[in-house]
Protein chains: 2
Amino acid sequence: MSDLLAIGAVAEATGVSVSTLRYYDQIKLIAPTGRVGGKRRFDPASIGRINFVRRAQATGFSLEEIRAILDDSDGNWNEMVADKLAALRSQRGELDVTIRMLEEVSHCGCQVVAECPRLPGPC
Amino acid sequence: MSDLLAIGAVAEATGVSVSTLRYYDQIKLIAPTGRVGGKRRFDPASIGRINFVRRAQATGFSLEEIRAILDDSDGNWNEMVADKLAALRSQRGELDVTIRMLEEVSHCGCQVVAECPRLPGPC
DNA sequence: GTACAACCTCGACCTCACTTGAGGTCAAGG
DNA sequence: CCTTGACCTCAAGTGAGGTCGAGGTTGTAC
């Protein structure tokens, strides 16, 4: 009658710990389909959603943002994803700047970055 | 005699708040040159270091990592930067995966991402 | 000589994403 | 009957990176 999953099975299927799953339920990110004898029962489709959560998290989305994307019914998530993409690109640009800055410092002959008197200007 | 700066001047020059500068002093990330009447006095070169901190932070380094780079005397920071670059690249890859996943979902005709029965598989 | 801004310390508090611990329930197996 | 294991709740703790407020001092201006 039920192909619903216990929390432990979901944890095993997703690699997410049981306590994290309870936490996700608590913050209403991933809710179980129902309860049997007080115990959470999850639809197998939850596994897909949880995988989505982890993947989105890995790309820099907060749980709040992820919930907004999951629950969005107006197509706004396209915009959110675009924003995040822009943020990541900007972060990449920052890295490039930092690397160049460090390269400059390394050409200074300074033993220690903190002691370089030419931070962050050109050497 | 002293072209040393008060904490407020440093805050203004860097855009970092006074309380954050005190915090940086507390965690020994950016120390004042000395004290005059109990008040912190900063070398103008601190501004460069603080700018470096913010820039490194923006690219994803933690304050601990930044301190390690600043204080490094063995050339290990090159490696740290390379590691961070790799991490950023991997993050970018994750974003690409997420975007593709969301595009798949959007072609499903699902109103709400959370309700798509095909997460995270192909539509 | 007193007002005022800018500084000081110390400890508490905040957000995020969890983890941990104490104490309790429930069904199956020996 | 008793243990084991998987589950439950609720509260508190963690760590990063700060912020805030109370209460106190310092230095300059009028």
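In what follows, every chain begins at residue 1, and chains take the letters A, B, ... in the order their sequences are listed.
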What is the distance, rounded to the nearest whole Å, between atom [atom1] of [X] and atom [atom2] of [N]?
| X | N | atom1 | atom2 | result |
| --- | --- | --- | --- | --- |
| I7(A) | dA6(D) | CD1 | P | 13 Å |
| L21(A) | dC7(D) | CG | P | 10 Å |
| F61(B) | dG17(D) | CZ | C1' | 17 Å |
| D25(B) | dC10(C) | CG | P | 12 Å |
| I30(A) | dA17(C) | CD1 | C1' | 15 Å |
| Q57(A) | dA17(C) | CD | P | 7 Å |

Taking [Y]'s backbone N and O only, do any of them form a donor-acceptor pair with [X]'s side chain (distance below 3.5 Å, no angle check)?
| X | Y | result |
| --- | --- | --- |
| K84(B) | G60(B) | yes |
| T33(B) | D43(B) | yes |
| E79(B) | N76(B) | no |

With a 4.0 Å cutoff (strictly under), does any side-chain N or O of [X] reach OP1 or OP2 of [N]?
| X | N | result |
| --- | --- | --- |
| S19(B) | dG18(D) | no |
| T20(B) | dT19(D) | yes |
| Y24(B) | dG17(D) | no |
| Y23(B) | dA16(D) | no |
| Q26(B) | dG11(C) | no |
| S17(A) | dT19(C) | yes |

Quiz prompt | Interface residues of residues 32-40 of chain B with DNA chain D (non-hydrogen, below 4.0 angstrom) | solution =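 Heavy-atom contacts with DNA chain D come from G37(B), K39(B).
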Self-check item: Reference residue L29(A); test side-chain contact (heavy atoms from CB on, under 4.5 Å); the match among L21(A), I50(A), L63(A)
Solution: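 Between L29(A) and the candidates, side-chain contact (heavy atoms from CB on, under 4.5 Å) is satisfied uniquely by L63(A).
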Quiz item: Is there side-chain contact between F52(B) and I69(B), with at least one heavy-atom pair below 4.5 Å?
Solution: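 Touching, per the 4.5 Å side-chain cut-off.
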Exercise. Report which part of the nucleic acid I27(A) touches: base, sugar-phosphate, or nothing (heavy-atom distance under 4.0 Å, all strands).
Key: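 Nothing, no nucleic acid heavy atom in range.
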Self-check item: Intermediate values then yes/no, side-chain contact (heavy atoms from CB on, under 4.5 Å), R55(B) and E94(A)
Solution: CA-CA 7 Å; R55(B) 215 167 303 199; E94(A) 296 284 354; 3.8 Å; yes
Quiz item: With respect to the side chain of R22(A), which nucleotide from dA17(C), dT9(D), dG18(D) is positioned closest?
Solution: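 Nearest nucleotide to the side chain: dT9(D).
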Quiz item: Is a salt bridge present between R35(A) and D25(A), judged by a nitrogen-to-oxygen distance below 4.0 Å?
Solution: yes
Practice problem: Could you pick out which residue, R41(B) or R41(A), lies toward the 5' side of DNA chain D when each is mapped onto its nearest nucleotide? | Solution: R41(A)
